[in-house]
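This report concerns only the one structure given below.
Proteins come first, then strands; the chains are lettered A, B, ... in the order of their sequence lines, and each starts at number 1.
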Protein chains: 2
Amino acid sequence: MTAPARIVVIEDDPQIRRFVLDALGKAGCAPQEAGTARQGREILGAGDAQLVILDLGLPDMSGIDFIRALRLWSSVPVLVLSARVTEQDKIEALDAGADDYLTKPFGVGELLARVRVLLRRHGQGGDTESVHRFGGVEVDLARHAVKRDGADLHLTQLEYRLLAVLLANAGKVMTHRHLMREVWGSGQAEQEHYVRIYVRRLRQKLERDPTQPQHLLTETGIGYRFQP
Amino acid sequence: MTAPARIVVIEDDPQIRRFVLDALGKAGCAPQEAGTARQGREILGAGDAQLVILDLGLPDMSGIDFIRALRLWSSVPVLVLSARVTEQDKIEALDAGADDYLTKPFGVGELLARVRVLLRRHGQGGDTESVHRFGGVEVDLARHAVKRDGADLHLTQLEYRLLAVLLANAGKVMTHRHLMREVWGSGQAEQEHYVRIYVRRLRQKLERDPTQPQHLLTETGIGYRFQP
DNA sequence: GCCGGCGTTTACACAATTTTTACGGCGTCT
DNA sequence: AGACGCCGTAAAAATTGTGTAAACGCCGGC
């Protein structure tokens, strides 16, 4: 349940763009796309990109210049795709500030592997910062670690899974059936009683006063809701 | 790239080694050289390398395994050189922890450009201490040395590998399967029982009260977690 | 060859978790 | 008021996971 990597694909050829976007999509990313340098710069202006995949042959700007301009204000990793195979082209792009250079045609697998390398090194949001805090409790979903007032707390597997689903949908009302499907699997979506038993356990471990829950709230007749 | 870039070249073919060393030398680096994995590991043990250039076809060890082992205690960037050109080879190496993959034959210019990229990103920091301390125990991953209350302690290979994986992911819950894959290889990821036996051995050697472990903790139904 | 260390395999008692079952309270609707 | 549905609580039963011990086979050193 890692946060999707924020990747920006800047490529003018619609065919290759689709190819790259599909590959990233299947790998679980939610890439944004741009067909021109101008459009790409606009998206990057938001400042929350983790990786740029850049075609050097853009219609409205030299790729090298694009990288150089980008490097003036951003250190986001850049993976270059290019049809140009000469060594001089590669050296120029890499020295301009690119982090990797892949020549067309390339395989999906290698592209994704190189994307993983760059995200591993620089993708600050890759798997970190999935920490939720509320009322003295600290839940680190990535580490499977829960603390209460600084002290480690142990949750069983089901307790943990249930909490994770509620946290991921903070503020939303989750029906019994929905929680059952998410935690116990769609097989026994009927046994809605389990949810109650495990919500109780979570309350006893997490809530300051388990009889008057402040965060794990009951929505009578519907289900439960987590309130931060 | 300032004066003293500490680069280690691990390559068994003397011809290519000379080629690479010459190129780096002319670029103003003072690389160290190794002809075998064992020799390379010794040099890296000093812990002050900024970049590793690694040939995958070493005589005494699979390059992939070398990278994986290295990644347990060091985050030094690795540039792979290889005669193997298939996509699968590249993916494996990159996912094992390599930062770039260059197929032979390659040009001097491109090699140096890619070296500059890696040094630009990661060069300055160098390698940090890889010594872990907890509850009277001192583990120096780089030197493969473990002390308990000042006295040397001997760990077998598997014990050591398991400890290294747990230390490298301190605080995180590691599933049985994950540990099996990391330590025993993906072949027998099913035999999850091994992990238990070896965790027990580690506890007996490292924990003050092996029956009440303070650092090597069980996550029932999931796996184990190391807590500093 | 014999020995000792090491990694592997098997077996079993015990502990933790999950599931099942049961019961009492509270509010609402008739 | 009484019946009903929904919820919280409790604790026993069933299941699963874990710690421990002991035995086996492999290999290198003596």
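- Atom CD in Glu159(A) sits roughly 7 Å away from atom P in dT17(C) (whole-Å rounding).
- Note on Arg203(B): a side-chain N or O is less than 4.0 Å away from OP1 or OP2 of dG19(D).
- What separates CD of Glu192(B) from P of dT8(C) is a distance of 15 Å, to the nearest Å.
- Evaluated for a side chain to side chain contact (heavy atoms under 4.5 Å, CB included) with Tyr224(A), the options Arg196(A), Met174(A), Glu219(A) yield exactly one hit, Arg196(A).
- As a whole-Å value, the separation of Arg200(A) CZ from dT9(D) P is 5 Å.
- Side-chain nitrogen and oxygen atoms of His154(A) include at least one within less than 4.0 Å of the OP1 or OP2 phosphate oxygen of dT17(C).
- Comment: Glu138(B) does not engage Arg148(B) in a salt bridge, judged by the lack of any side-chain N to carboxylate O separation of less than 4.0 angstrom.
- Note on Arg201(A): every side-chain N or O is 4.0 Å or more away from OP1 and OP2 of dT9(D).
- Between Leu202(B) atom CG and dC6(C) atom P there is a gap of 14 Å when expressed in whole angstrom units.
- Within the structure, every side-chain polar atom (N or O) of Tyr198(B) is placed at least 4.0 Å from both OP1 and OP2 of dT20(D).
- The side chain of Arg196(B) sits closest to dT18(D) out of dT18(D), dG8(D), dT19(C).
- The only option from Leu153(B), Leu155(B), Val131(B), Leu163(B) that meets the side chain to side chain contact (heavy atoms under 4.5 Å, CB included) definition with Val139(B) turns out to be Leu163(B).
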What's the verdict on salt bridge (charged side-chain N to carboxylate O under 4.0 Å, His left out) for Arg71(B) and Asp99(B), showing C-alpha distance, side-chain angles and the deciding distance? CA-CA 11 Å; Arg71(B) 278 288 172 263; Asp99(B) 291 275; 3.1 Å; yes
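- Regarding Arg161(B), its CZ atom lies at a distance of 13 Å from the C1' atom of dC6(C), rounded to whole Å.
- When distances run from any side-chain atom of Thr218(B) to the nucleotides dG19(D), dT19(C), dC7(D), the shortest one goes to dG19(D).
- Look at CD1 on Ile197(B): it is 13 Å from C1' on dC24(D), rounded to the nearest Å.
- Nearest-nucleotide positions on DNA chain D place Glu219(A) closer to the 5' end than the other of Gln204(A) and Glu219(A).
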Could you give the side-chain donor-acceptor pairs of residues 16-26 of chain B under 3.5 Å, partners two or more places apart or in another chain?
from: Arg17(B); atom 1: NE; to: Glu33(B); atom 2: OE1; distance (Å): 3.0
from: Arg17(B); atom 1: NH1; to: Glu11(B); atom 2: O; distance (Å): 3.0
from: Arg18(B); atom 1: NH1; to: Asp22(B); atom 2: OD1; distance (Å): 3.4

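- Considering only side-chain atoms of Gln157(B), the nucleotide from dG7(C), dA11(C), dA22(C) that sits closest is dG7(C).
- Minimum atom distance to the side chain of Thr220(B) is reached by dT17(C), of the listed dT20(D), dT17(C), dG8(D).
- Of the charged side-chain nitrogens involved, none lies within less than 4.0 Å of a carboxylate oxygen, so that Arg116(A) and Asp100(A) do not count as a salt-bridged pair.
- At dG7(C), none of the side-chain N or O atoms of Tyr160(B) fall inside 4.0 Å of OP1 or OP2 (strictly under the cut-off).
- Rounded to an integer number of Å, the gap from Lys205(A) NZ to dA16(C) P is 12 Å.
- Nearest nucleotide to the Thr211(A) side chain, out of dT18(D), dT8(C), dT9(D): dT9(D).
- Contact check, Trp184(A) against dT19(C): a side-chain N or O comes under 4.0 Å of OP1 or OP2.
- For dT18(C), neither phosphate oxygen OP1 nor OP2 lies less than 4.0 angstrom from any side-chain nitrogen or oxygen of His193(A).
- For Thr156(B), no side-chain nitrogen or oxygen approaches OP1 or OP2 of dG5(C) to under 4.0 Å.
- If you take CG of Leu158(B) and C1' of dT8(C), they are 10 Å apart, rounded to a whole angstrom.
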